[in-house]
Amino acid sequence: MNVMTAVRAASDTKTVEHVDVLIVGAGISGIGSAYQLTRQLPDRSFVILESQDSFGGTWLTHRYPGIRSDSDLHTFGYSFKPWVGPPIATADEIKSYMGDVITENDLARHIRYKHRIERASWSSATNLWTVEAVRTDNDEPVNFTANFLWMCQGYYRHSEGYTPDWKDVDKYKGRIVHPQLWPEDIELKDKTVVVIGSGATAATLIPSIADTCAHVTMLQRSPTYFRIGRNAIELAETLRQLQVKEEWVHEIVRRKILFEQDAFTKRCLAEPEQVKKELIGQITAILGPDYDVATHFTPTYRPWRQRIAFVPDADLFLGIKSGKASVVTDEIDRFTEKGILLKSGNELAADIIITATGFNLSMLGDIAFRIDGKPLDFADTVTYRGMMFTGVPNMAWVFGYFRASWTLRTDLVADFVCRLLTHMTTKGVKKVVPTLRAEDHNMPLLPWIDPDNFNPGYMMRNMHLLPKRGDKPEWQHSQDYWAEKDQFPAIDLDDGAFVYG
Ligand SMILES: Cc1cc2nc3c(=O)[nH]c(=O)nc-3n(C[C@H](O)[C@H](O)[C@H](O)COP(=O)(O)OP(=O)(O)OC[C@H]3O[C@@H](n4cnc5c(N)ncnc54)[C@H](O)[C@@H]3O)c2cc1C
């Protein structure tokens with residue numbers, strides 16, 4: 001079957017647009033990947049399909065008070081576009097930066113908003129993906145065919161956050177809000193608020209509402225690590241005083257941050273107890289020796305096993321010190337009419353309860369994939385370096401770093417994809433399928449990520465949905481930027497792990 005026959009077969013009623021590359025998602029990954037594609041392979045046609053009505057992804061979805069990055073924007077921002085503000089940025093600042101990237105690189109004409117992809121089917125007869133989307137504004141189906149799918153859909157479901165199944169939630173008479181779907185009509189003034197959770201979201205939200213509420217309590221089951229620092233980078237300030245060009249400031253500061261993060265990660269592994277002491281010491285220095293830091297801010301796990309939230313200018317801790325915010329470390333027994341009954345027997349009364357309890361993992365955008373008519377279950381596949389899957393042709397997946405800025409990996413994957421597409425053209429092939437080699441067949445297959453290495457809730461709840469990992473570097477998702485930045489450019493595209501056709 002030739003391309004046009006496939007196009008007609010995909011839909012009887014609609015014309016089907018064909019592109020070389022179809023990018024899913026207009027978040028920081030999708031826009032960054034599109035930029036790299038236009039630079040490295042300017043002759044390729046492409047579209048970005050995005051279900052929301054604008055770009056930004058995470059930074060568009062999350063609208064709770066105080067929403068900001070906890071990575072610095074020199075590394076969370078793109079390598080090619082200098083970040084000129086303070087390192088920790090608000091969602092609006094990140095969207096504005098992404099908007100500039102879209103405008104400066106003429107990317108808007110490639111983006112189709114309000115297009116939710118529901119199905120994607122690979123045909124080995126045509127070597128094409130058929131992608132079926134639905135317009136979210138009028139429910140109209142819109143179909144595309146593409147040679148290559150570049151999955152930049154993030155890792156969690158944007159339509160709803162994760163809320164545990166608590167007992168008697170229906171008895172509670174106040175209002176329950178998940179930060180991922182922040183309501184516009186919420187009035188916090190003089191209200192007693194409980195925020196459940198102590199991750200980055202809680203740490204951001206609490207200081208920004210503490211002045212408005214009568215009181216805000218952070219209720220956590222167990223403590224989390226935090227890092228405290230100034231929302232400024234001295235080296236950047238010095239370079240700017242010296243009138244060094246912003247391109248240079250960005251690159252130099254980026255290198256400095258990466259160097260320091262590498263050293264910090266290594267220290268977390270080599271001397272976890274010392275790092276733990278330092279992190280907790282920062283908190284004691286603010287809250288004073290009488291504050292019960294042992295109960296509320298001393299985690300039982302090693303630093304870096306979960307993401308460490310950065311607290312700029314210590315705002316969370318200053319809120320606690322002022323008495324406007326407080327911390328309760330306890331477990332929820334059940335909800336009551338007035339609030340939450342804790343396992344200790346204490347009751348926390350609240351007008352509003354905010355559930356900063358995390359995400360629902362979304363495996364590749366909740367798209368129903370088929371390969372030659374057969375439903376694809378990613379749990380049956382093995383990851384190729386956390387960016388492709390065995391048995392799945394012509395698809396790359398952008399899953400960023402947890403311990404370094406997500407976007408660093410977007411760039412590495414983009415360079416790899418562009419190199420792979422070029423290689424396929426040179427070879428005159430239409431299809432590439434990651435495949436276990438003969439020497440891999442007895443390899444033990446393990447969960448996608450080692451829970452001992454990194455174990456956030458949304459991963460642990462959904463590990464059964466994720467691809468498997470092997471025991472060799474090429475079949476693992478390493479989460480190690482400092483290794484991958486050298487390994488990815490050196491990947492041998494003629495290795496037996498790539499089967500072309
Ligand atoms: C509140 C918050 C703060 C964070 N802070 C940081 C930080 O400081 N540093 C860091 O490194 N990481 C941070 N992260 C992780 C963060 O999600 C990533 O860093 C990054 O923003 C992800 O970008 P992305 O483009 O890959 O995915 P997303 O931002 O999730 O964007 C994916 C896009 O794809 C679209 N999409 C998904 N499925 C479909 C479909 N089927 N059809 C069409 N479109 C679809 C979505 O609508 C969305 O717009 C944070 C996450 C959250 C939630």
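We use all heavy atoms of the structure for the numbers below, so side chains are in, but hydrogens, waters and symmetry mates are not. In each ligand, atom 1 is the first atom listed, and ligand 1 is the first ligand listed.
The immediate protein surroundings of ligand 1, defined as residues with any heavy atom under 4.0 Å of it, consist of Gly25, Gly27, Ile28, Ser29, Leu49, Glu50, Ser51, Gln52, Gly57, Thr58, Trp59, His62, Tyr64, Ile67, Ser69, Asp70, Ser71, Phe76, His115, Arg116, Ile117, Cys152, Gln153, Gly154, Tyr155, Tyr156, His158, Arg307, Phe359, Gly365, Ile367, Ser405, Trp406.
Comment: Glu234 does not engage Lys256 in a salt bridge, judged by the lack of any side-chain N to carboxylate O separation of less than 4.0 angstrom. A salt bridge links Arg230 to Glu237: at least one charged side-chain nitrogen sits closer than 4.0 Å to a carboxylate oxygen. Salt-bridge annotation for Glu93 and Arg68: absent, with no side-chain N of the basic residue lying under 4.0 Å from a carboxylate O of the acidic one.
Sequence neighbours left out, the pairs with a member in residues 74-92 that pass salt bridge (Lys or Arg N to Asp or Glu O under 4.0 Å) are Lys81-Glu104, Asp92-Lys95.
Applying the ring pair (Phe, Tyr, Trp, His ring centres under 6.0 Å) test to His115 and every residue at least two apart in sequence or in another chain returns nothing. Listed by chain and residue number, Gln36, Asp415 satisfy the side chain to side chain donor-acceptor pair (under 3.5 Å) test with Gln40 (two or more places apart in sequence, or in another chain).
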